[in-house]
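Notes for the one structure printed next.
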Amino acid sequence: MALDFQYDELMFSKSTVKNSYAGDVVYGYEFEIMYPSYRGTFLSCIEKLTVKLDGVEIDQKKMRFTLNGKQFLISELPTLCHEYWFVLDRAVITVLQDGGIPAGAKQIDVEMVHRIPYTGYFGEYLTLTSHGTLQVDNHVTEAIK
Amino acid sequence: MALDFQYDELMFSKSTVKNSYAGDVVYGYEFEIMYPSYRGTFLSCIEKLTVKLDGVEIDQKKMRFTLNGKQFLISELPTLCHEYWFVLDRAVITVLQDGGIPAGAKQIDVEMVHRIPYTGYFGEYLTLTSHGTLQVDNHVTEAIK
Amino acid sequence: MKKMNEKIELGVSLYSLTSEFVTEKMGLEDCLRAVAEMGFKGIEIVAAQTVPEYPNPSDKWLFEFRDLLAKYDLKPVCYSAYIDNGLRPDRDLNHDEIVQFTYNDMLYAKKAGFSMIRTQHSISPQILEEMVPACEKLDIMLTIEMHHPHHPRVEVWEKYIELMNKYEHLGVVPDFSIFQRKPHRLLVERLVRAGFREDKLNSVLEYHEKGIPCENAIGELSLNAEEAQFTRDLYEKFNPTPLDDLKTLIPITPYIHGKFYILDNGEFDPCIPYDKILPMIQDLGYKGYIAAEYEGHHFDMSVDARQQLRYYASIFNKYIN
Amino acid sequence: MKKMNEKIELGVSLYSLTSEFVTEKMGLEDCLRAVAEMGFKGIEIVAAQTVPEYPNPSDKWLFEFRDLLAKYDLKPVCYSAYIDNGLRPDRDLNHDEIVQFTYNDMLYAKKAGFSMIRTQHSISPQILEEMVPACEKLDIMLTIEMHHPHHPRVEVWEKYIELMNKYEHLGVVPDFSIFQRKPHRLLVERLVRAGFREDKLNSVLEYHEKGIPCENAIGELSLNAEEAQFTRDLYEKFNPTPLDDLKTLIPITPYIHGKFYILDNGEFDPCIPYDKILPMIQDLGYKGYIAAEYEGHHFDMSVDARQQLRYYASIFNKYIN
Ligand SMILES: [Mn+2]
Ligand SMILES: [Mn+2]
């Protein structure tokens, strides 16, 4: 009964969308997510992580996941058995997109499938699917240069 | 001609042997090593790491390797593709040994076989074997409690 | 008997304050100050929640935490560990990794002043016994939590219980979720939000309470497929082990998880029979901490956990001492 | 022509100060101050040496570094990247990983104020060309170092040279190790320490210098097996590509690695023919930085690298301007 493990509201805690700058060039946009649980996890427990912008799924190869000062490809997450995601730490998801967040963009949806690694009671591990939604607004924060 | 890649003297830079304490219990001893090169590497490039105390090889299962605030088993090193060993950072090798460094111990020898990951010139990667020697003295430092 | 204290005393797992902690309404020191003010004496931390550097807390963190506990006159009772057996996608943790995690947690616990770690049943009987010399050397109790849906007759637990009777430094931490007899209010509310028609659900809960079999409920109450599945889940989950199991458990129990999900007052838990449990463990001679372990945040993060802890303390005081 | 500057100017790779940096005799700022005082104008960093947070330097580090360069009036010329193709034990880096490393290094370079990154030949022609739109968008030159034992007729380089002629933002960084004609003193000393009898080695070096074939040297000089192997290595290694290759390279060269191993004075490098190279690149119209790249620390960490850099600057000034 996965109804008893529900912290999805934590995923987007105080998060905003920012454009990503290198010098004066905008090469993408980024936002923060938290791990939706009462405890931290290892990135190897993330089985799937998808992002939709206004309903359209972002190419996984255009996404980067940054945590603990390191940047990962989404495809690498399952291999990161020593990368701990502390429950108060924010991971940054960057979407590589020339010019940044498209004008008029409204909503970002994240879906994360994650294994709960200690739930080996009587068999398989519990795997949850968490959802989070972020309204883009027009409050796109600018980077410090 | 591996004669042109020789920084072994860096491995034991200002290192001493300390006993490892938990409360008032001595559960092992530890010493620091640096990566012997002009640049840092990824721990996944370490192919072999052995320690001898007065000529007797330490059981790999009794050794721990700590870097970047994380502790690893020696057997895990080849899997750590995202654990970077900065050239000025010291890794700690802990040997689990009740009572700590044995009385009268004189010398620690480390041998590290490591792949140079960018040396794919015309074929295989260059793999080096570095050696370092540390005199134990009787200056075994005590831990802060 | 695993006598960890002179009497039965009330502790708290900081896990109870999850909602306040993870939403950053309360920092670690705020949590400690709050529980000290409420009168809790002993502290448990879930390291994987509390320690930013998990799984390898630095000496600096551990010593600062130890000093923080001393500042609020709180006793470090239990350092809660995990066996994150499913950490890797390709295989379970292997022997050496489980030993490494467990031994490290014992060292960290010792450094921060704890004399006990609580681990999980997937440690395996073999590794549990293998750790005994380290427990003795460090003088650290190594305990396994028995949590719902486990009970003493689960096969692996029969072996654990044997080892816990044999070795002074091994023990069980019963989590009183094993005695939960019906779903708590927050779960009921969640089921309703998930689409279980309220009147149907109430009828199911009546059937369950009266001991009418699950298939009767499903057959007689015109449930839809989803409701039927929830009903099966409810019957499976709320099938508590007998309180009599305490007779097996208490002699090997150095510490207890006083689990609760939601309390409406400081008198009575409708879900877990503390009115029977607390007198019984006293009669059985238990001497140690019971950690208030509030878990309602799993279902509703807006509940005031401090109020819940006060209610729990009140129930505890009603029966103990 | 890849015109990166108004004239030929002297830069330095901080790699030259490896020994001072890795033994903590000089910190990063000490290195910058020292080279600024010696008159070097442009800076190259080897990120995998200099950046504690490698491979992902934080904005904080990059901005502080940019400001530190400004403080000493040093120009950020080249951010040196690696393709650590053998990073994993099981396979080479894949396409996506090489693109990620390369694109990131371009972003980091841009943030710190560099307009060029130098990568390695294992990037592959396909990925090199794939990066061109990003180079144009960021206005970052993407260059590949041509290092001994490479030269323009190595197959992959024929393709690279074609692309570098085609795209404005691609270029080569010749490392003048490709022109080294004989072993430097530190290597000779190391060979002697490794057991090569000094008189025998001197004879081998005479044979090599006169162009007498390797097998004659081995046959006529009564070398032992180890000496014979060293001799074969020497003949293979010190077989420089013709200086004429500069005619192919200079038009696609935005930056040069002025490699040297050991200098005994500020007049002449006995190993790499700077007396011929420097006038030649000037004649060929090169406009850009030459980075002094001292590499003797690979062989002897006790040599004073600052003295070596002064010698190199002196040779540079003898021929340029
Ligand atoms: Mn519990
Ligand atoms: Mn070079």
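Just so you know, these numbers use all the heavy atoms, side chains as well, and skip hydrogens, waters and symmetry mates. A note on names: the letters A, B, ... follow the listed sequences, proteins ahead of strands, and every chain is numbered from 1.
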- Message: Taking D/K25 first and then D/D30, would you say they form a salt bridge - that is, a charged N and a carboxylate O separated by under 4.0 Å?
- Response: no
- Residue from D/L186, D/V46, D/D92 scoring the most non-hydrogen pairs under 4.5 Å with chain B is D/D92
- Message: Give me each pair satisfying side chain to side chain donor-acceptor pair (under 3.5 Å) with a member in residues 47-59 of chain B, each pair once, sequence neighbours excluded.
- Response: B/E47-B/R115
- Note on the structure: On a heavy-atom basis, the closest approach of B/V87 and B/M34 is O-CE, 3.2 Å
- Task: State whether D/E189 and D/R185 are salt-bridged, where the test is any N-O pair (Lys NZ or Arg NE/NH1/NH2 against Asp/Glu carboxylate O) under 4.0 Å.
- Result: yes
- Item | Quiz item: cation-pi between D/R118 and D/Y82, 6.0 Å / 45° | yes
- Heavy-atom distances under 4.5 Å only: say whether D/T50 touches chain B with side chain, backbone, both or neither. backbone
- chain B contact via D/I83 - which portion, at a heavy-atom distance below 4.5 Å: backbone
- Message: Assess whether a salt bridge exists between B/K70 and B/E76, defined as any Lys/Arg side-chain N lying under 4.0 Å from an Asp/Glu carboxylate O.
- Response: no
- Query: Pick from D/R193, D/Q229, D/E295, D/E24: which one has the most heavy-atom pairs with chain B under 4.5 Å?
  - Reply: D/E24
- Message: Taking side chain as everything from C-beta outward and backbone as N, CA, C, O, which of these in B/S37 sits under 4.5 Å from a heavy atom of chain D? Side chain, backbone, both or neither.
- Response: backbone
- Part of B/F42 lying under 4.5 Å from any heavy atom of chain D: side chain
- Proximity breakdown for D/Y261 and chain B, heavy-atom pairs closer than 4.5 Å: neither
- Item | D/V51, part contacting chain B, at a heavy-atom distance under 4.5 Å | backbone
